[in-house]
Amino acid sequence: MKLSQVLKDVKVKNEYKDVEIKDITADSRQVEEGYLFVCIKGASFDGHSVAEEMLQKGAAAVVCEHDLGLENQVIVEDTRMAYSPICAAFFGNPADSLKLIGLTGTNGKTTTTFLIKQILENVGKKCGLIGTVQNMVGSEIYPAHYTTPDPYELQSLFRKMVDASCEFCIMEVSSQALAQGRVEGIHFYIGAFTNLTQDHLDYHKTWENYFEAKKLLFKACDIAVTNVDDEYGLKIVDGCGCKVVTYGVDNMKADYTARNVRFSSEGVKYDLIGEKIGRVNCPIPGRFSVYNSLCATSVALTLGVDFTDVLEAISKSNGVKGRIEVVPTPNQDYTVIIDYAHSPDGLENIISSLKEIAKGRVVTVFGCGGDRDKTKRPKMGKIAADLSDFCVVTSDNPRSENPSDIIKDILEGMKDSKTPYKVVENRKEAIAWAMKNAKKDDIILLAGKGHETYQILPTGTIHFDEREAVAEVLEELNK
Ligand SMILES: CC(=O)N[C@H]1[C@@H](OP(=O)(O)OP(=O)(O)OC[C@H]2O[C@@H](n3ccc(=O)[nH]c3=O)[C@H](O)[C@@H]2O)O[C@H](CO)[C@@H](O)[C@@H]1O[C@H](C)C(=O)N[C@@H](C)C(=O)N[C@H](CCC(=O)O)C(=O)O
Ligand SMILES: Nc1ncnc2c1ncn2[C@@H]1O[C@H](COP(=O)(O)OP(=O)(O)OP(=O)(O)O)[C@@H](O)[C@H]1O
Ligand SMILES: N[C@H](CCC[C@H](N)C(=O)O)C(=O)O
Ligand SMILES: [Mg+2]
């Protein structure tokens, strides 16, 4: 493909030679003969520093932000923002042939994207899905490295979806992705908002930046579907110029509302009130399942899916791996649940939801991620201690940090609580401890790692699947 074709949607500041481009990358380690190398300045590396070396290595051209005095250079204002339209053009702008539904918010994105996909598939629509757990083209699964992939991977996934005749793509749009321009230039048919609470302040620095990043999605969509029970639900779509559809529980002003809500360990039931009225039966338990299913139904109804078909699909929906997932514990009189709650609000929601259905104690086994927002730690500690009957404080993904330092930060938030707790740094041993000390009717909540099948330790990444850990403890107990 000619360089000018790849640059068709980018404002270029200089004259350049219209060479042939074989492929594109923003990672110098991937560069091969004929590649276009996009120089991105990041927190730990600046692509500009190797631009000349890349041309010597065989790159056909480099895209940069200032004059590097190189022959085959293309100067643009912001390379990070240019990378998305460049990748889109390279893959033939596949998103133009898809109806894109983007979800943003702190919690509930993954769960809600799966619900929307299930509703659309129930009426025979072929869909792609992009998000934290996995990427999908119809029923084909591709591994996910990020919640929202970088522009090259994202556009290549869109291409696969179009080639496989998908009509819709339902995707999670993280605040980091919005801030870093991973979806720059992409137009969404629907943008949906779940909620906004604290997370990722290590990256965004201020609450204002976090909010502004999330808001970007609603400047790039035709219709916004938003949660008006959340204090930011209306603010986030304010001035965005798109059509706004609202949902909320008991909020009669919303376009779609849930009333007469009933919770049980089997799921949630409520009356959905929109253009029509019907009883929703969502087989995923937890207070937040009302919001997630309400968001999914509001999106589907906005897309014109028949009311009865929406209710039918929700009643058949299966949960998502690692989200309020019950782990088999045959012949035991307690329950083990894996959940991905890794923010103060997520933890508060899952523990209070479990408290509503628990016959015995709720024992929370949790830690906090290393190299991530440190201010979350005491808050999560306080919430876990205030709401649980017992806490086992352990490691999540310590990454480069010392696990005991992270635990210390968590305990800081627990010091005023009378809730008993135990510290077991090794996560497998923490799970074993909780199971061995379980009482009848306890719910043991393993919070934070959800679908993950690894643990990132300072010494490297190891295979770690909590389902296997539970099975191994049971085997040991049954010996
Ligand atoms: C905070 C954050 O989002 N950082 C991302 C960002 O890092 P950065 O800007 O600091 O990049 P950098 O390492 O300095 O490199 C700059 C550029 O030089 C390139 N490079 C780098 C090294 C080299 O030898 N040669 C080279 O060319 C890199 O490919 C990059 O293009 O750009 C990198 C390249 O795209 C990403 O890998 C990196 O993701 C980091 C690893 C990350 O963990 N991100 C997480 C927090 C994230 O994005 N999470 C969200 C949401 C999570 C949720 O669901 O809650 C997500 O969407 O997944
Ligand atoms: N609507 C919601 N409101 C609050 N908490 C929720 C909601 N839905 C799910 N949760 C809690 O948050 C956790 C994460 O849910 P989910 O994976 O669906 O969210 P997400 O927005 O995709 O998160 P991430 O940004 O980490 O990918 C769940 O395991 C659950 O404990
Ligand atoms: N996408 C989130 C997930 C965190 C999950 C938790 N297990 C942790 O490692 O903190 C992040 O990268 O911040
Ligand atoms: Mg997610």
Side-chain angles (χ1 to χ4, degrees), residues 24-31 35 37-51 53-54 57 59 62-63 79-80 83-84 87 103-114 129-135 144-154 171-183 194 198-205 210 213-214 292 320-323 338-343 346-347 366-374 376-377 380 394-401 406 427 446-457 461 464 466:
I24 302 170
T25 183
D27 187 342
S28 58
R29 293 158 291 196
Q30 311 285 331
V31 169
Y35 270 51
F37 175 62
V38 180
C39 308
I40 290 178
K41 187 176 183 325
S44 51
F45 191 88
D46 185 355
H48 293 84
S49 66
V50 291
E53 194 190 316
M54 291 305 107
K57 201 174 161 185
V62 296
V63 180
T79 47
R80 226 187 245 287
Y83 192 39
S84 172
C87 294
L103 274 95
T104 201
T106 311
N107 287 308
K109 301 183 295 296
T110 300
T111 312
T112 309
T113 51
F114 273 77
L129 177 132
I130 290 173
T132 318
V133 176
Q134 62 197 26
N135 299 316
H145 312 288
Y146 292 106
T147 287
T148 310
D150 82 59
Y152 187 91
E153 192 186 348
L154 181 61
M171 67 180 283
E172 290 180 57
V173 189
S174 68
S175 56
Q176 286 97 332
L178 286 158
Q180 290 170 9
R182 289 183 218 163
V183 293
T194 58
Q198 179 181 345
D199 207 359
H200 307 305
L201 287 189
D202 52 331
Y203 177 77
H204 297 288
K205 309 287 183 238
Y210 183 41
K214 294 266 181 213
N292 295 339
V320 180
K321 187 179 179 194
R323 273 74 183 158
I338 294 179
D339 190 78
Y340 197 47
H342 55 79
S343 65
L347 203 55
F366 77 108
C368 287
D371 302 335
R372 294 283 186 273
D373 191 350
K374 284 191 179 158
K376 286 200 296 191
R377 297 173 189 169
M380 287 171 67
T394 185
S395 303
D396 191 297
N397 290 314
R399 299 193 175 82
S400 72
E401 288 192 60
I406 301 175
R427 195 163 175 109
L446 311 180
K449 291 192 56 66
H451 60 284
E452 294 174 359
T453 51
Y454 55 82
Q455 192 176 20
I456 313 170
L457 303 172
T461 300
F464 183 76
E466 294 188 321

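All ligand and atom numbering here is 1-based and tracks the order in the structure.
- The backbone N or O of G369 sits nowhere less than 3.5 Å from a side-chain atom of N397 that would complete a donor-acceptor pair.
- The shortest heavy-atom contact between T111 and V320 is CA-CG2, 3.9 Å.
- Ligand 1 lies out of reach of E172, whose nearest heavy atom is not under 4.0 Å from it.
- A cation-pi geometry, defined here as NZ or CZ lying under 6.0 Å from the six-membered ring centre and within 45° of its normal, holds between R182 and Y146.
- Near N397, meaning under 4.0 Å from any of its heavy atoms, are these atoms of ligand 3: 7 (N), 8 (C), 9 (O).
- For a threshold of 3.5 Å applied to N or O pairs, the pair formed by S44 and ligand 1 contains at least one separation below that value.
- For S28, a nitrogen or oxygen atom sits less than 3.5 Å from a nitrogen or oxygen atom of ligand 1, counting backbone and side chain alike.
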Going through the distances and angles, do R29 and E53 end up as a salt bridge (charged side-chain N to carboxylate O under 4.0 Å, His left out)?
-> CA-CA 11 Å; R29 293 158 291 196; E53 194 190 316; over 6 Å; no

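- Atom numbering of ligand 1 starts at 1 in the shown order; those under 4.0 Å from a heavy atom of D27 are 25 (N), 26 (C), 27 (O), 29 (O).
- Residue-to-ligand polar distances keep F37 apart from ligand 1: every N/O pair is separated by 3.5 Å or more.
- Near G448, meaning under 4.0 Å from one of its heavy atoms, ligand 3 places the atoms 5 (C), 6 (C), 7 (N).
- Close approach to Y340 involves these atoms of ligand 3, each under 4.0 Å from a residue heavy atom: 1 (N), 3 (C), 4 (C), 5 (C).
- Between H342 and ligand 1, a contact under 3.5 Å exists for no N or O pair.
- Checked against a 3.5 angstrom limit, the closest N/O atoms of R399 and ligand 3 fall inside it.
- Here the CZ atom belonging to R372 is positioned 13.5 Å from the OG atom belonging to S343, to the nearest 0.5 angstrom.
- Using 4.0 Å as the threshold, Q180 has a heavy atom nearer than that to some atom of ligand 1.
- A cation-pi geometry, defined here as NZ or CZ lying under 6.0 Å from the six-membered ring centre and within 45° of its normal, does not hold between K321 and Y340.
- Contacts between H145 and ligand 1, counted as non-hydrogen atom pairs separated by less than 4.0 Å, are absent for every part of the residue.
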Does the side chain to side chain contact (heavy atoms under 4.5 Å, CB included) test come out yes or no for D396 and C368, once each step is laid out?
-> CA-CA 5 Å; D396 191 297; C368 287; 5.5 Å; no

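- Backbone or side-chain N, O or S atoms of Y340 do not reach the Mg ion (ligand 4) at under 2.8 Å.
- At a cut-off of 2.8 Å, T113 does not coordinate the Mg ion (ligand 4) through any N, O or S atom.
- Looking at E172, its N, O or S atom nearest to the Mg ion (ligand 4) turns out to be OE1.
- At least one heavy atom of R182 sits closer than 4.0 Å to an atom of ligand 1.
- Not one N or O of G47 is nearer than 3.5 Å to an N or O of ligand 1, by distance alone.
- Below 4.0 Å from some heavy atom of I40 lie the following atoms of ligand 1, by number and element: 16 (C), 17 (C), 18 (O), 31 (O).
- An N or O contact shorter than 3.5 Å links E452 to ligand 3 by distance.
- Looking at R372 against ligand 1, only its side chain comes within 4.0 Å, counting heavy atoms.
- Geometrically, ligand 1 and D150 share no nitrogen or oxygen pair separated by less than 3.5 Å.
- Ligand-side atoms of ligand 1 in range of A43: 8 (P), 9 (O), 10 (O), 14 (O), range being under 4.0 angstrom from any heavy atom.
- The neighbour count for K41 NZ, taken as heavy atoms of other residues, nucleotides or ligands under 6.0 Å away, does not exceed 12.
- By the criterion of a heavy-atom distance under 4.0 Å, neither the backbone nor the side chain of A177 is placed next to ligand 1.
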